Amino acid sequence: MLGVGVGGPVSGAEGGEDEKAMGPEASGVAGPLAIEPPVPAAGAGGTRGSGGSNATAGLTEREAWVVITSVEGLGPVGFGALLGHFGSGRAILDVAGRPGAAALFVRAAAEGPRRIFGESVANLIVKAAAEPETVLGEIEAAGLTVVTLDDEDYPARLRAIEMPPHVLFVEGDVAALNIDRAVAVVGTRRATEAGRRIAARIGAAIAKTGASVVSGLAVGIDGAAQAAVTAVRGRTVAVLGSGHGQLYPRAHTTLARSIIATGGAIVSEMPPHSHPTGGTFPRRNRIISGLADATIVVEAAERSGALITAGWALEQGRECFMVPGSLESPRSRGCLRWLREYADQVRIVAGIPELIEDLALLGNGVGPGRSIRPSLEAELIELGASARAVAVALVGGSGTLDELVAATGFQPATALGALTLLELRGLAASAYGRYRPAGRLMAEDLATPGPRRARTA
């Protein structure tokens with residue numbers, strides 16, 4: 001497999017393409033194909049139509065899209081080619097009810113520079129058209145929201161990529177896909193403990209700025225980042241390499257519930273019954289990067305699938321960051337190689353506050369290639385809300401523990417913990433039982449936060 005748009009930085013990534021399961025158009029591995037999905041003549045939100053077979057006569061255009069895209073092995077390029085040839089989803093289903101339909105579909109798939117799918121997929125389209133209630137009933141039973149490319153609430157960032165999914169199946173809050181700022185955090189499944197900690201710190205720091213974190217719900221780096229986001233009550237979006245009914249990995253079922261409970265979303269371009277395969281994970285990687293403004297790779301070996309996501313990010317014109325890692329760690333070799341070979345396209349993660357600045361999540365980020373110490377606000381983002389509140393109180397003149405407790409409403413132990421963090425960063429100092437601002441906390445303005453938190457009993 002070759003990388004996308006960056007001179008082929010990815011070769012032989014983890015989780016290779018499964019031709020039999022996904023069909024020859026399985027996308028997200030070797031970059032966008034030359035065929036762009038045409039805009040259909042009739043919108044996906046159309047009203048129920050007439051005509052076609054008895055099974056599909058009453059379906060809306062939206063329902064027709066759902067039925068057709070549920071066919072295993074038919075991806076966005078194939079569906080786009082069918083829409084371009086027949087004009088609408090309802091027209092495709094109408095043809096599917098006629099004799100010789102499979103041959104017509106194969107012929108339509110061969111009109112471009114290469115045949116997109118073959119007879120087996122064409123026969124599955126005919127079968128799906130004969131029993132649409134199976135697919136539609138499955139989605140209704142799963143409680144999923146369907147978002148199509150024609151809908152206003154389709155994610156704007158994802159719509160801008162070259163090969164967006166025509167249909168998304170969403171569990172949770174659809175608005176989570178359209179938050180103003182979103183950052184993808186990905187990495188190897190076989191993460192080190194240090195890698196998991198870094199991923200968690202990055203995920204939590206991003207969430208504290210109000211941005212969302214996009215990842216793949218996988219074990220390792222993905223799961224560590226998303227669990228940290230839910231722990232701070234932030235929003236995160238998980239993109240599945242399967243259908244919702246075949247959630248993978250099962251070990252992250254509880255994490256998936258937490259994502260929904262904290263206002264996030266779990267999304268897939270595959271219907272609920274779809275099983276994960278080696279080809280579905282590279283395919284979904286384009287969605288992870290497509291939903292985000294930037295992609296951060298925390299740990300990646302030479303053949304890590306996370307590098308496919310990084311390649312898609314660059315292909316889509318999004319920023320890409322790499323955590324360098326130890327020279328001796330096999331889990332960092334992919335990141336180190338990319339930082340060396342694609343230095344003009346990939347940026348280094350030099351620290352959490354620095355990353356927050358570089359991502360411009362506080363509105364005052366710096367451009368590529370500039371070196372600047374992160375702002376005080378960025379540094380306090382990582383330390384947390386308690387440390388920031390104590391810092392504001394110190395600047396405001398509170399000097400003893402009792403004064404800090406009164407000013408913040410914190411319990412003494414919480415205030416002491418925050419003071420320790422500030423002292424370790426050189427932002428506070430103590431002498432004879434009194435505390436004072438130090439270092440940058442003395443020199444830089446620190447905006448006063450919102451209403452004072454009430455003291456707990």
Side-chain angles (χ1 to χ4, degrees), residues 23 25 37-109 111 116-117 119-155 158-159 163-171 174 177 243-246 267-274:
E25 71 153 317
V39 177
T47 57
R48 289 183 181 270
S50 58
S53 67
N54 291 335
T56 62
L59 298 185
T60 65
E61 181 69 6
R62 169 189 294 273
E63 290 168 334
W65 280 32
V66 171
V67 170
I68 299 166
T69 56
S70 71
V71 171
E72 188 173 11
L74 182 70
V77 176
F79 182 50
L82 291 175
L83 284 176
H85 184 89
F86 296 103
S88 71
R90 291 200 300 267
I92 295 170
L93 293 181
D94 180 62
V95 171
R98 303 173 187 172
L104 293 175
F105 293 148
V106 171
R107 192 178 307 155
E111 289 180 347
I116 304 169
F117 59 80
E119 186 176 353
S120 60
V121 171
N123 286 329
L124 289 175
I125 297 173
V126 174
K127 181 180 178 182
E131 42 193 40
E133 68 283 350
T134 301
V135 173
L136 298 175
E138 176 188 39
I139 293 163
E140 184 177 359
L144 303 178
T145 301
V146 174
V147 182
T148 76
L149 195 55
D150 275 359
D151 292 336
E152 289 186 5
D153 55 356
Y154 190 92
L158 191 60
R159 190 193 301 275
M163 197 162 45
H166 289 79
V167 174
L168 294 173
F169 301 99
V170 184
E171 181 182 5
V174 174
L177 307 180
H244 288 77
Q246 303 295 329
V267 60
S268 177
E269 67 175 321
M270 291 170 275
H273 66 267
S274 299

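Residue numbers run from 1 in the order of the sequence given. It should be emphasised that the depicted structure is a prediction, and the values quoted were computed from it without experimental measurement.
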Original post:
Quick one: CD on Glu138 to CG on Leu144, what's the gap to the nearest 0.5 Å?
Top reply: 8.5 Å

Subject >> Heavy-atom closest contact (Met163 atom, Pro76 atom, distance) >> reply: CG-CG, 3.8 Å

Subject >> Test item: Arg98 and Val95 side chains (from C-beta on) under 4.5 Å apart, heavy atoms >> reply: yes

Original post:
Got Pro155 and Val267 here, is their nearest side-chain heavy-atom distance under 4.5 Å?
Top reply: no

Original post:
Out of curiosity, His273 NE2 to Ile139 CD1, how far, rounded to the nearest 0.5 Å?
Top reply: 9.0 Å

Subject >> Residue pair Ala101 / Val126: nearest heavy atoms and the distance that separates them >> reply: CB-CG2, 3.9 Å

Original post:
Is there a side-chain contact between Ile125 and Phe117, using heavy atoms and a 4.5 Å cut-off?
Top reply: yes

**OP:** Under the side chain to side chain contact (heavy atoms under 4.5 Å, CB included) rule, what do Leu177 and Leu158 come out as? Steps first, then yes or no, please.
**Re:** CA-CA 9 Å; Leu177 307 180; Leu158 191 60; over 6 Å; no

**OP:** Can you measure from CG (Leu168) to CG (Leu149) and round to the nearest 0.5 angstrom?
**Re:** 8.5 Å

Original post:
Just by distance, do the side chain of Asp151 and the backbone of Thr148 share a donor-acceptor pair under 3.5 Å?
Top reply: yes

**OP:** Quick one: do Leu83 and Trp65 satisfy side chain to side chain contact (heavy atoms under 4.5 Å, CB included)? Show the steps, please.
**Re:** CA-CA 10 Å; Leu83 284 176; Trp65 280 32; 4.1 Å; yes

**OP:** Quick one: pull up CD in Gln246 and OG in Ser274 and give me the separation to the nearest 0.5 Å.
**Re:** 8.0 Å

**OP:** With Thr69 as reference, evaluate Val167, Val146, Leu74 under the side chain to side chain contact (heavy atoms under 4.5 Å, CB included) test and give the passing residue.
**Re:** Val167

Subject >> Shortest non-hydrogen contact between Ala102 and Ala122, atoms and distance >> reply: O-CB, 3.5 Å

Subject >> Taking every non-hydrogen atom, the tightest pair across Phe169 and Glu269 >> reply: CE1-O, 3.8 Å

**OP:** Kindly give the heavy-atom pair with the smallest separation between Pro132 and Ala129, and that separation in Å.
**Re:** CD-O, 3.4 Å

Original post:
Would you say Phe105 and Val121 make side-chain contact, with heavy atoms under 4.5 Å?
Top reply: no

Subject >> Donor-acceptor under 3.5 Å (Glu63 side chain, Thr60 main chain) >> reply: yes

Original post:
For the side chain of Asn123 and the backbone of Glu119, is there at least one donor-acceptor N/O pair under 3.5 Å apart?
Top reply: yes

**OP:** Return yes when atom CD of Glu140 has more than 12 non-hydrogen atoms of other residues, nucleotides or ligands closer than 6.0 Å, and no otherwise.
**Re:** no

Subject >> Glu61 side, atom CD; Ile92 side, atom CD1 - distance, nearest 0.5 Å >> reply: 8.0 Å

Subject >> Test item: Phe79 and Pro165 side chains (from C-beta on) under 4.5 Å apart, heavy atoms >> reply: no

